[in-house]
Amino acid sequence: MSEVQLDNPAAFASLFEPRRYKIFYGGRGSGKSWAMARALIALAYTSRLRILCCREYQNSMQDSVKKLLADQIDALGLSAWFKVQDTTITCAITGSEFLFKGLARNIDGIKSTESIDICWVEEAQTISKVSLGILTPTIRATGSELWFSYNPDLETAPMHAFMRSLQGDPGAIVRKVGWKDNPWFSAEMNADRLRTLARDPDAYDHIWGGECLKISEAVIFRNRLEVVDFETPAGVRFHFGADWGFAQDPTVLIRCFVLDEVLHIDHEAFGTGVEMDQIPALFDRVPGSRDWPIKADNARPETISYMANRFGFKISAADKWPGSVEDGVERLKSFRAIRVHPRCEQIAKEFRMYSYKVDRLTSDILPVIVDAWNHGIDAVRYALDGIIRNKRPAMRISPEALAWANRR
């Protein structure tokens, strides 16, 4: 019996901890399927297990994870100890067995499956509420486990709702994983990732970031964002903007410049839980932060004074007025494009996620900006203090309308 060299990434180490539920979800290239297949092979190689591998739809064995398991058995050097048959895979040493079934249109077959130790549901984003309700009580052997891997689709999908219900449950492991967690992430996949980031940034967070699909019309900066590599020309006028963190909100410094009516953002610094005496080091991560004027959120005058008087930053409060957020958003939307350097990952994500509220009952897009994904964008607005000049009267929303917009 040879020794298994698994080399599974650290993000998946908890697959070997005993839990009733193990849910790993995220974007493309995260290595979820490989990691789960390898973990199951290792477990089957060391203990006698009956493992059921499911998908919602499996019209043939070609639709199953059988080939993936067979390829990983070969990659681990265990082909001599596993027998890959037409409909099953068995281990000659322990007697472990892999079975493969579709959930939809096979209710009786699932109910009649006995003594399953581990059930793995791949592509679980497609599983129906009915299938999920049948599967859970069917896997009932002592110490049995249910494993789920999926790329999120809709926020309302049964699997995603089930995942949220298990967050914090001591009997469950719930992990969001991404391409950075995958040691097998190839140069070819990274090239594909960067192409998506450059050509279709609105879809990037769903495809590669594992975020649920959004109602694209509600995204404020859709079709305006470009995430592309560019050289910062000599002699440009830089604008620096700072937003202060509270509790779990990040402290942010953004550097940007305007060229040919295109807003360019070439450096960012984000830090969560940053103490006041740590802010200078955070700001120093952005080139030129001690040389150029910085406009900052005026909600923290004591922090502005501290940074100016003790550390010599040329920092002052940005102007605010009723409706300044909306005016700032409209000015940002008026640029021909918003061009973000790929190293500025956080602000690029904010521009992709910043959105108007959507009524949950009617799906109507409301004239109310969601108070989220906005710390870097607020810093950009402060940076452009003086360029954003349209100080119009604030939009007035009645208490009744605001209550309606916020209803659940």
Side-chain angles (χ1 to χ4, degrees), residues 3-55 65 68-69 71-73 75-76 78 82 89 91 94 96-99 116-127 132 135-153 157-185 189 208-212 248 272-273:
E3 189 173 311
V4 182
Q5 297 294 325
L6 194 59
D7 296 329
N8 250 10
F12 297 92
S14 55
L15 283 172
F16 296 97
E17 298 176 14
R19 294 288 196 284
R20 172 63 173 169
Y21 299 102
K22 296 174 183 177
I23 301 175
F24 286 76
Y25 70 102
R28 183 182 298 173
S30 59
K32 299 180 296 294
S33 300
W34 277 30
M36 285 195 161
R38 287 184 165 224
L40 289 171
I41 291 165
L43 291 171
Y45 183 69
T46 55
S47 303
R48 184 182 180 89
L49 296 172
R50 200 157 191 247
I51 300 169
L52 175 63
C53 302
C54 298
R55 292 191 183 199
V65 293
L68 171 62
L69 287 163
D71 289 344
Q72 293 306 311
I73 287 169
L76 291 168
L78 298 176
F82 282 87
I89 297 175
C91 179
T94 61
S96 292
E97 182 182 20
F98 288 87
L99 307 173
I116 298 298
D117 297 293
I118 300 175
C119 176
W120 174 25
V121 183
E122 167 68 330
E123 295 188 359
Q125 73 272 12
T126 63
I127 192 172
L132 193 57
L135 183 65
T136 303
T138 298
I139 310 303
R140 56 181 180 270
T142 302
S144 58
E145 299 182 355
L146 291 106
W147 295 20
F148 299 90
S149 54
Y150 72 102
N151 292 10
D153 192 354
M159 184 65 231
H160 208 60
F162 184 58
M163 176 276 293
R164 291 196 303 270
S165 73
L166 289 175
Q167 289 180 327
D169 189 316
I173 293 169
V174 178
R175 296 278 189 276
K176 184 179 182 183
V177 291
W179 61 271
K180 291 181 180 180
D181 298 308
N182 182 5
W184 308 298
F185 195 71
M189 292 185 73
W208 293 98
E211 302 287 348
C212 290
Q248 296 303 309
T272 302

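For Lys22, the salt bridge (charged side-chain N to carboxylate O under 4.0 Å, His left out) partners are Glu145, not counting sequence neighbours. For Glu97, the salt bridge (charged side-chain N to carboxylate O under 4.0 Å, His left out) criterion is met by Arg50, not counting sequence neighbours. Considering only residues two or more places apart in sequence or on other chains, Arg19 meets the salt bridge (charged side-chain N to carboxylate O under 4.0 Å, His left out) condition with Glu17.
Across all non-hydrogen atoms, the minimal contact from Val65 to Arg55 is CG1-NH2, 3.8 Å. What you find for Asp181 and Lys176 is that their closest heavy atoms are OD2-O, 4.5 Å. Residue Ala44 comes nearest to Ile51 through the heavy atom pair CB-CD1, 4.1 Å, listed as atom of the first residue, atom of the second, then distance. The minimum heavy-atom distance linking Arg38 with Ala75 is given by the pair NH2-CB, 3.9 Å. The two atoms that bring Cys119 and Leu135 nearest to each other are SG-CD1, 3.8 Å, heavy atoms only. Of all the heavy atoms in Pro152 and Cys212, the pair that sits closest is CB-SG, 3.9 Å.
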Item to check | Full working for side chain to side chain contact (heavy atoms under 4.5 Å, CB included) between Leu78 and Gln72 | outcome: CA-CA 9 Å; Leu78 298 176; Gln72 293 306 311; over 6 Å; no
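Rounding to the nearest 0.5 angstrom, the gap separating the SG atom in Cys54 from the CD1 atom in Ile127 is 8.0 Å. Distance check: Asp153 CG to Thr126 OG1 gives 9.0 Å after rounding to the nearest 0.5 Å. To the nearest 0.5 angstrom, Met163 atom CE is 12.0 Å from Phe148 atom CZ. The CG atom of Asp169 sits 11.5 Å away from the CZ atom of Arg20 when rounded to the nearest 0.5 Å. Atom CD1 of Ile23 and atom CD1 of Ile173 lie 10.5 Å apart (nearest 0.5 Å).
Ser30 places none of its side-chain heavy atoms less than 4.5 Å from the side chain of Trp179. In this structure, Trp120 and Ser149 have side chains that are in contact, with non-hydrogen atoms separated by less than 4.5 Å. Within the 4.5 Å cutoff, the side chain of Met159 has no heavy atoms near those of the Gln125 side chain. Between Ile116 and Leu99 there is a side-chain heavy-atom pair separated by less than 4.5 Å. Side-chain atoms of Val174 and Tyr21, non-hydrogen and from C-beta on, never get closer than 4.5 Å to each other. Looking only at side-chain heavy atoms (C-beta outward), Ile41 and Leu69 come within less than 4.5 Å of each other. Counting heavy atoms from C-beta on, the side chains of Trp34 and Pro183 never come closer than 4.5 Å. At a threshold of 4.5 Å between non-hydrogen side-chain atoms, the residues Ser144 and Ile139 count as touching.
Put simply, the residue from Trp147, Phe162, Tyr150 that forms a ring-ring contact (aromatic ring centres under 6.0 Å, His included) with Tyr25 is Tyr150. Each of Arg28, Glu123, Lys32 was checked for a side-chain hydrogen bond (donor to acceptor under 3.5 Å, both in side chains) with Asn151, and the lone residue meeting it is Lys32.
In this structure, Gln248 places its CD atom where only 12 or fewer heavy-atom neighbours from other residues, nucleotides or ligands lie under 6.0 Å away. Few gaps surround CZ on Arg164; more than 12 heavy atoms of other groups in view lie less than 6.0 Å from it.
Checked by atom type and distance alone, the side chain of Asn182 pairs as donor or acceptor with a backbone atom of Gly29 at under 3.5 Å.
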